Chemist: 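Below you will find the structure I want to go over with you.
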Amino acid sequence: DRDRDTQRERERETDIISTVEFNHTGELLATGDKGGRVVIFQREPESKNAPHSQGEYDVYSTFQSHEPEFDYLKSLEIEEKINKIKWLPQQNAAHSLLSTNDKTIKLWKITERDKRPEGYNLKDEEGKLKDLSTVTSLQVPVLKPMDLMVEVSPRRIFANGHTYHINSISVNSDCETYMSADDLRINLWHLAITDRSFNIVDIKPANMEDLTEVITASEFHPHHCNLFVYSSSKGSLRLCDMRAAALCDKHSKLFEEPEDPSNRSFFSEIISSVSDVKFSHSGRYMLTRDYLTVKVWDLNMEARPIETYQVHDYLRSKLCSLYENDCIFDKFECAWNGSDSVIMTGAYNNFFRMFDRNTKRDVTLEASRESSKPRAVLKPRRVCVGGKRRRDDISVDSLDFTKKILHTAWHPAENIIAIAATNNLYIFQDKVNSEMH
Amino acid sequence: MEFKLEAHRIVSISLGKIYNSRVQRGGIKLHKNLLVSLVLRSARQVYLSDPCPGLYLAGPAGTPAPPPQQPGEPAAGPPAGWGEPPPPAARASWPETEPQPERSAVSEAPRVGDAVPAATVTGVGDVPQGGEADAAEAAWNRVDGPRQAAAGEAEDPAGGWGVFPLGSRAARRPCGCPLGGQDPPGTPAATPRAACCCAPRPAEDEPPAPPAVCPRKRGAAGVGGGPASCPAPGSTPLKKPRRNLEQPASGGEDDDAEEMETGNVANLISIFGSSFSGLLRKSPGGGREEEEGEESGPEAAEPGQICCDKPVLRDMNPWSTAIVAF
């Protein structure tokens, strides 16, 4: 009985979504989970017959990307959890994506089959060889439509490139190379070559005692194939140019904001660690997320971010408890909308936040069962921090810290967002303002 | 004073995290452990820099004046040396216990025996589980006799804490093992290191440390069973040979088949000046030992298990015992 319960609990845990990513057109949405599975959703084309289901996402394909492994040599268990998925730009009828766990990156090819040949001369319908004496005439096999079948196959496996845990992958705009980053190193791979990679960043100190910071995220510039950025646990960003040197340990630009001494606490270092970095679609800005804020940086200004938004500053006084229950180590992601005018990030209690950079307005929304009824409108939420309390406000102390929204994604062109709330995926559309503005 | 308590609490919590990280699936997470070790450092700094009247950190030959008792602290006495109970995280060292939130016991009259592993100091020979306060206290007294005379209450209540300035060459047991140190505040923390290696330690004027029976070179307490903060006042602070011990630790790395180094966790260890048993191992129950290559064979206990039930434990202060047990 207890075994069953533990098993059920474990099953639920493997369903926890660990990454969400739209492809470049927004037609496909991929999610990875703790159990190593990838589920791809496809947007249904809008049709007049079923106006209500226009543009909704349905499951397109599910496959097991990574399995748990045990490295016997190092006595190390390798989790199958999918840390990141990145789509390759589509170059033919097939779709391709990269998925990675802590150690191994895989290139998957997703193809559709909707026709099959029928009318073979030598084989019957089941594929068995026919008795030749029964063949009296010749026919040309024809392709007949069949139910759509989505086939997924692993095309490349990029293994053994990392000693530490992989935290990011990013496809280069040249569509030929991609990079993978772990805590201390970044490697550059060619998509067609699996037996070697180039190390382009190595911050491992000669003596590990001297270690003071690790790499937390990295991304290629969307347009300049020679530029990439990586963030550190100390809150800094380094922009590197691969033309400058083979080993990009020396950054081209260092983006760092001086710490505010009045905010110093035991946990200052933890909360300044950058958990995610994203270039804007324009390539001009970068978005970073640390524990309490999201910041917009201009590539032309290294001294400080141009915008800082408080995600949940009311947690600042609770850092010790959050340290105790490990929440302070949660790694939230951040996202730009297609026009780079709105940024989004997740928080606790299944809340997520959006900040409009132009109007400077922000909103807190909740991803919950109630809010996900069809055609329901998300109601803005508010966390009250003492003072006047409105009716539907949530007090800080009643926030559920087990319900965290770490992974969010925004459709590249439309106002459609995907929110991963533990093991549920919510997709919200802004029907009123479906175009970006 | 609250800062000290807070710092103390945070250290316990952090220790618990480091301990638990050993058994987490997927191996030790470098990033998280680095952050935890940074928190530990901050806590330590705060602890040391907070001028607390009750804080006594004995220096060398320390016969510093006994500190005025902190509120709630037991009257002098070696047992009081620890004043504040060893962080409950020490409990975590026992496989069957979970790290408890810091007990408010700090404000109680903490007797060394109070917390956890203090009990181990009972010298009963085996490794008792809970705090047998009385037994522990008795043990302290017994063991600490002579030194007690020397500086009596000198054991600073926060003594164990005082060790923090890690590494210090000061006040270290011969084995250089954990804490024990009573460093004058401000002693630059030498970045002591991971390996607490009893063997090579120069036992200065200490009786030769009970051999490092412990496979992990745990500090045998050498210092005449220094309970509380070891080299009790009156003893010469011991210099801990540093790098040569570390070498094996970091040298333990292969260059070819590179292991995932968790040496940053060793920073943590350096704070306590001892090597965590198996802490640097990626998973319990095996794996290459990262810290140092040499381990006493026979005692090679399972990582994470109490390193031994030898009498050596009896002589260690509870704080270090906790670490040992890790």
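Computed from a predicted model, the values in this text were never measured in an experiment.
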Chemist: Run the side-chain contact (heavy atoms from CB on, under 4.5 Å) test against A:Thr402 and tell me which residues pass, sequence neighbours left out.
Modeler: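 A:Thr402: side-chain contact (heavy atoms from CB on, under 4.5 Å) contacts with A:Asp400.
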Chemist: Under 4.5 Å, counting heavy-atom pairs only, tell me which of A:Asp102, A:Ile328, A:Asp326 racks up the most with chain B.
Modeler: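 Answer, by heavy-atom pair count under 4.5 Å with chain B: A:Asp326.
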Chemist: Decide yes or no on side chain to side chain donor-acceptor pair (under 3.5 Å) for A:Ser232 and A:Glu213, but give the supporting numbers first.
Modeler: CA-CA 6 Å; A:Ser232 86; A:Glu213 68 183 320; 2.7 Å; yes
Chemist: Contact part of A:Leu184 toward chain B, heavy-atom cut-off under 4.5 Å: side chain, backbone, both or neither?
Modeler: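 Contact with chain B: side chain only.
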Chemist: For A:Ser268, which atoms come within 4.5 Å of any heavy atom of chain B: side chain, backbone, both, or neither?
Modeler: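 Contact with chain B is absent: no heavy atom of A:Ser268 under 4.5 Å.
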Chemist: So that I can tick it off, tell me whether A:Arg37 and A:Asp15 are bridged by a salt bridge, with the cut-off set at under 4.0 angstrom between side-chain N and carboxylate O.
Modeler: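 Looking at A:Arg37 together with A:Asp15, the answer is yes, because their closest N to O distance falls below 4.0 Å.
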Chemist: Can you tell me which portion of A:Lys331 sits under 4.5 Å from chain B's heavy atoms? Options are side chain, backbone, both or neither.
Modeler: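 Interface part for A:Lys331: side chain.
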Chemist: Does A:Phe329 have B:Lys32 sitting over its ring (NZ/CZ under 6.0 Å from centre, angle to axis within 45°)?
Modeler: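 Yes, B:Lys32 sits over the ring of A:Phe329.
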Chemist: Is A:Arg289 salt-bridged to A:Asp276, going by a charged N under 4.0 Å from an acidic O?
Modeler: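 Result for this pair is no, no salt bridge flagged.
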Chemist: If I measure from the heavy atoms of chain B, does A:Tyr323 come under 4.5 Å with its side chain, its backbone, both, or neither?
Modeler: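 A:Tyr323 touches chain B through backbone and side-chain heavy atoms alike.
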